Structure formats: C-alpha cells, structure tokens
Number of protein chains: 2
Amino acid sequence: MNERATLKTIAKATGYSITTVSRALAGYDDVAEATRAVIQSSAQQLGYFPNLTARQLQKQRTDTIGIILPSVGPRFADPYFSLILAGIGDEIAVSGYDILISTRPPGPAELEAYRSIVEGQRVDGIVVIRTRLEDERIAYLAERGFPFVAFGRTTLDLDYPYIDEDGEAGTYELILHLAQLGHERIAYIAAPQHLTFGYNRLKGYKRALDDTGLVYHPEYVEVGDLTRRGGSAAAEKLLAKPLPPTAIVAANDLMALGTMNHLQQNGLRIGIDISVAGFDDIPAAEALGLTTLNQPIFRIGHQLSQMLLAVIEGQHLAEPKLVLKPKLLIRASVGPPA
Amino acid sequence: MNERATLKTIAKATGYSITTVSRALAGYDDVAEATRAVIQSSAQQLGYFPNLTARQLQKQRTDTIGIILPSVGPRFADPYFSLILAGIGDEIAVSGYDILISTRPPGPAELEAYRSIVEGQRVDGIVVIRTRLEDERIAYLAERGFPFVAFGRTTLDLDYPYIDEDGEAGTYELILHLAQLGHERIAYIAAPQHLTFGYNRLKGYKRALDDTGLVYHPEYVEVGDLTRRGGSAAAEKLLAKPLPPTAIVAANDLMALGTMNHLQQNGLRIGIDISVAGFDDIPAAEALGLTTLNQPIFRIGHQLSQMLLAVIEGQHLAEPKLVLKPKLLIRASVGPPA
DNA sequence: TAGATGCTCCAAAACGTTTTGGAAGAGAGC
DNA sequence: GCTCTCTTCCAAAACGTTTTGGAGCATCTA
C-alpha cells in the first residue's frame, strides 16, 4: 500500500488551503472555476479518495444500516435470512447505503452487539429481524430512541414501526383446509414459542381446531428447532403415537422437509398416506410439491429498507405498522385422509 | 437520542484530563487504581460508550471486512451466497470482526464499490467471491496491495491467496459415472463462461466425454443463468432436440431443480426415464434425491475468514492456495438410460 | 543533600474530514 | 476618495479518539 493522498496532500501540491481543496471537490460555488479545475486534476492525478471514516466522524452519519444475525452454524442457511437480507441490501443500495453485519449467538453477546453498534455510532439505523415476544433488543432500541424497524411484532407495549406476517391467519386457513378435507388428527410441529412468529402460528392452529370442532390435544404438538433435522425428529415422535396423525403441519418449510424425509423413509406416501404442509414457501417447497404459505420475504425486505430510511430521515411514516396475510399454496403434499 | 457521553464529558465530570480518562478506561497501568475506579464509575453512570468511528480514524483500522455482493433481485436467494456469508460471518465474529456488505450490480458500479470501500478505509480486508476468469476486482486489489482473499481462481497471472473447488475434477467424475451407467447422450447446462467455476465445470464435462470416447456435441450444451427458471428453460430446449439426451447435468443445483421441474411437468420420471444431476448440494438437493457434488461451502467460508485475518495481520500463509475436490453424492435422480 | 527512580497525570498532536466565520482584494456606485 | 458588494480564499474549530513526550512530585539511595 503506497501512502494515501489526503486533502492535505492536494493542498500542498496545489498551494491552496485544505479548506479550499475540500470545498472545491465538494462542489461549493465559492471557489473559482479555474482553481477547482486545478484541484480536481491534482486530485485525479494523486488518486485521491476521501477517507470515509473521517467523513463519518465529522458528518455524524455513516450511510450504513446494521443487522445482527444469529450465528449458531449453518442454521443461517435458513432461506429466510438470506432472502430478507437480499431484499434489504438490494433496496438500501439504491440510496447509497451499505449494511453492517454482526453475527452473534442469541443472548447477552447479541445485545452487547446492538449496544456497540448503536452507541459506537457505526450505523444510522437498524433492522431487527425475527422478533421475540418480549424482545429486549426492541426494548433497548426504543428506549434509546434509535432509528429502527422490525420484521415482526412483540408483546411489548411500545410504539415502533414494523412489518409482520399474519402467521395466525395463515395457519388458521391452512388447518381449516385440512379439516375440510376430512382430517381429524392434525399434528403440529411448532416453532420455539418465544419467537413471535412461532407463537402466532401456533395460535392459528389452536383457533382453527376450536372453530372446526376438533379438539386441541397437546400430545399432537411438538416444538422443533426450525431445521430439517428437527422436523424429522418431531415427525418421528408424532408417528410413534398410539393413534398417529393423518396430517402434519410444520411451522416452517425446513421442518416440513425434514418431516417428508422421515415419512418417506418409513414408506409413507406424502399426500396419500399422510398429508404434510409447511410455512414460508422456500424455493425447495415448489420443487417438492409442498403445500405451504407464501410470504413475499424479499419484497418485505425492500419495504423494511424504505421504512427504515424514512425513519432515519425523520419522516412521518404513512403506514408504520403493516401486517401481511400470507397466501395459501395448495400442492400435492396434501390430500384427504387415507 | 439524548446527548452522548464522550471522554470529554467524563473528564469534566471527574476533573481528570481526557488523556487520563482514555488511559484509565483502556487499562493502562500509568493511572492510579483509585482514579481508575472513579473514572470507571463515572463512565458507567454516564453510560459512556466509545465512538467507534473516531477510534477507527485514530487507529487506522476498522475490525471490519468487506464483501460486495451482486444485486439483481432474488437471485441472491442462491444458497451459495448465504452459506458462504454465514461461514465467513460466523468465523470472523469470534475474532471480533464485523462484515460490511455492499450490494451492487456487476459492472462499473461494482468496481466503484470496491474502490470506495478500500480507498475510503472502511474495511481492513476483503473477500472476493465467485471470481471471474479475468477478474478486474482481483486485478485492482492485487495492484493496490490491499489485503484480500478470493473464493475462486482467475486466469490472471497474479499471486494472491484463494480457496477454490476443483469443479473440473468434480464434473469429470460425475460425467464418468453417467457414462459408466451407459449414458451416451449427456447434455450439460453450463454456467456463464466468464465465471471461473462455470468455465472449469464445463471443462470437466468436455474432458470426461473425450476420455470415455463420447463425442462432444455443442448442441447438447446450453448456458443457463444459474436460476431455477433458467434451468427449466434450458431443459426445454434440450428436450426439443431431435434426439433428446438421456441425462442432463446442470452446472449448479438450482438449475438442476428447474430441470427436474420441467421434466416432471412433461411426465418424465426422474432417474428412470431420464437422469438429472447438479452441483453444490444445496439443502433441497438431499430432499429431492438429486445427485450432485458437495463442497463444504460453509466451512470454506470459515477458512476464508481465517486466511483473510492472517493476511491482514501480515502473517505468512502456510497454504495460500487451496483447491478442494468436491464429493460426488449419488442419489435417486440418476439411473441407467431408459 | 543531590541525584535517581517511580508513580500519576496531562497538553498537544494526530487521524482526515467539514463547517464556521471571517479576511483580502477587486470592482461598482456615489 | 469612500463605502458596499462580490468573489475567492483560508485559519481555526470541530467530530472523538489514541499516542507521544514529557512534567510534577514523592520517595529512595548514596
């Protein structure tokens, strides 16, 4: 690395002051066009590029937004995260913003990362994804008054902008569909219940059972860890019941895939001997004919970006709270009970 | 946002100088334990947190590495990117680093982003992923002498650290396997040929045909855009040939999935009427029984991180160039020709 | 008692930028 | 000749940190 050209370098080279050099390059009109030309050509020749860190310090803004991701291995392979990230990154880029990503295990280190990023002034705003019912991250950001938007609601009594899916309504519709097909023993592989979406989706399951006159049996509900493996393990337990379910609904597609794996290994024909459904509509779902609920995560990422930028600029949000109903996609993995 | 506490605030509050406050908090031993205690408690009470931007400016390092991702919509959903990102992020985090992500469309804006991030001193190092045969990004970084590692080789005559898969050997082995099963018309859906991995994988295909006495027919090769849709479109063209292939190999799993979709829609049974194989072993591949080549992308991300950190610290790399052979996974999507 | 040694502390410079508040000089108007 | 207004420029402060190179003072040694 050869030494970098700074404003001072150019100032020395051209004989003008640092101020003038700065203003010339920034396009201010209190510098003569002739001098501007001289300065610009000198800058060009020296390969000058402004030190963005210094600029950030001075301007007190970073043109960067932060996202903290849960680590814990390849779980991140969860298409959910990559899609939302793509949506956010794509959209935020057109406004000239970048994304700062910290990966932390959930827990104290995670909150510490939020503090570090916020108090350390490394970003102008934050997107919180996969909210929890009592989300300390949101509590912190709201209390701190720092610009942020969330993908997901909480049970906290706080006023903050978010987008969320209506996981309850989606699951409700799906269960209803199964009930109408004649299923009476519908098992559910739930997501961890401290996660908002996990809680809401399970709520939809229970409400649908209620409304269709079916009884809610806790033994037909397993909690999974959102991975394929977890889905497979839960399916195994459900199949071992004295009276196995005729349909298994998973709280996300990844677990539904795991369920399908396990069922097939046991010689069951999906959609004929037993029905399976998921939630998310990840790319593999279509390929496998998995009945699921689609939410346009990529576009939600776009919208979250736009909302966050508005918040950062202190604009008033027309719709600070958005709850989107997912779309039921019926595919071959679901059929009437055997 | 209430006003932030700085070193100056603490200095005023405690009566010590900024220097002493700074050194007390940084743990230097030239400050009395009594004063340190006073300063620490004051910092605590004022909720002090160092401004990381200022620190970066002073220390001339950011503890951040940069990655520039191609934008272009949901394509990013490509599990490739999310996996490598997860691998890098996970590993880099344990050393206290963060990741700065810019998403740019390939082209001049992309190179500009590299310049901005490098010259603007926003990161200490960069990971270049999905290299191209003549990669201007690598040319730039190498010429600039900036710390970086790449996932992928180039044809440039430059000495830089990288990890790459042996896409040629992998594809070669796969084609060989098909040939041994008796396939004679093996079609290939290639990746764009300016991408290193695309070029290498196709090379393996050609070499395998040669070595097995099969003839390379250009009309059995389509170039796809790496998406499901692209795979499906390519498969359609291949099926329309006067003498359709008995096996279709795609340069990545996503296109293989698209191919499977298309074939199934046309009533063909995968692995029986026609064989399909991919490359990458994305999560869906196992679920669908897709024969493919596995490369441990997540772990490669880990290794790339470690290499980059070593480069940043100026260490000598034991193995600056690594080419990994992918592992052939034979699944139900492949069988003898009908 | 002079000098040396340790322990605490701090002023100032530095990182590289932007912004503030003029100053110097030229030309215009009276 | 004097004031006013433009135009062009710049010194200095500011953003918040770390580092450099001492200074002041008490205690110890010879």
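Throughout, a chain's letter reflects where its sequence line sits, starting with A, and its residues are numbered from 1. The structure displayed is predicted, hence computed values, not measured ones.
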Roughly how many Å is it from NZ in B:K8 to C1' in D:dT18, rounded to a whole number?
16 Å

Could you tell me whether B:E110 and B:R132 make a salt bridge, using a distance below 4.0 angstrom between a side-chain N and a carboxylate O?
yes

May I ask you to say whether A:K321 pairs ionically with A:D164, meaning some side-chain N is under 4.0 Å from a carboxylate O?
no

Mind checking if B:S22 touches a base, just sugar-phosphate, or nothing, with heavy atoms under 4.0 Å?
base

Report the distance from atom OH of A:Y16 to atom P of D:dT8, rounded to the nearest whole Å.
11 Å

Sub-3.5 Å pairs of nitrogen or oxygen atoms, protein against nucleotides 11-13 of chain D:
residue: D:dA11; atom: N7; partner: A:T19; partner atom: OG1; Å: 3.2
residue: D:dA11; atom: N6; partner: A:T19; partner atom: OG1; Å: 2.8
residue: D:dA12; atom: N6; partner: A:T19; partner atom: OG1; Å: 3.2

Please report, rounded to the nearest Å, how far the P atom of D:dC10 is from the NZ atom of A:K12.
14 Å

Does A:S102 reach the main-chain N or O of A:A113 with its side chain, forming a donor-acceptor pair under 3.5 Å?
no

In whole Å, what is the span from the CG atom of B:L52 to the C1' atom of D:dG16?
11 Å

Rounding to 10 degrees, work out the angle separating the end axes of the helix from C:dT1-D:dA30 to C:dC30-D:dG1 (five pairs an end).
70°

Salt bridge (Lys or Arg N to Asp or Glu O under 4.0 Å), that's the test. Do A:R104 and A:E112 meet it? Break it down for me.
CA-CA 9 Å; A:R104 293 296 134 90; A:E112 209 33 60; over 6 Å; no

Return the value, rounded to whole Å, for the distance between atom CZ of A:R55 and atom C1' of C:dC15.
16 Å

With respect to the side chain of B:T35, which nucleotide from C:dG16, D:dT17, C:dC9 is positioned closest?
C:dC9

Mind calculating the distance between CD (B:E119) and C1' (C:dT17) to the nearest angstrom?
16 Å

Taking B:Q121's backbone N and O only, do any of them form a donor-acceptor pair with A:T53's side chain (distance below 3.5 Å, no angle check)?
yes

Check every atom of D:dT18, D:dT8, C:dT20 against the side chain of A:R23 and return the nucleotide holding the closest atom.
C:dT20

Looking at B:R144 and B:E136, does any basic side-chain N land under 4.0 Å from a carboxylate oxygen?
no

Can you see if the side chain of A:Q121 gets near the phosphate of D:dC15 - specifically, an N or O under 4.0 Å from OP1 or OP2?
no

For this output row, return yes or no: ring centroids of A:Y162 and A:F151 closer than 6.0 angstrom.
no

For B:R36 and C:dC7, what is the distance between atoms CZ and C1' respectively, to the nearest whole Å?
13 Å

Comparing B:Y28 and B:L57 on DNA chain D - which has the more 5′ nearest nucleotide
B:L57

Map B:K59 and B:D30 onto DNA chain C by nearest heavy atom, then report which one ends up closer to the 5' terminus.
B:D30

Minimum-distance nucleotide to A:T20 side chain [options: D:dC9, D:dT17, D:dT19]:
D:dC9

Backbone N or O of A:E165 within a donor-acceptor pair of the A:R153 side chain at under 3.5 Å?
yes

Tell whether B:N51 reaches the base of D:dC15 with its side chain through a donor-acceptor pair below 3.5 angstrom.
no

In short, salt bridge (Lys or Arg N to Asp or Glu O under 4.0 Å) pairs touching residues 45-68 of chain A with sequence neighbours left out are A:R61-A:D63

Looking for any heavy atom pair under 4.0 Å, which part of the strands does A:T53 touch: base, sugar-phosphate only, or nothing?
nothing

Starting from C1' on D:dG16, measure out to CZ on A:R122 and report it in whole angstrom.
15 Å

Does a salt bridge link B:R23 with B:D29, judged by any charged N lying under 4.0 Å from a carboxylate O?
no

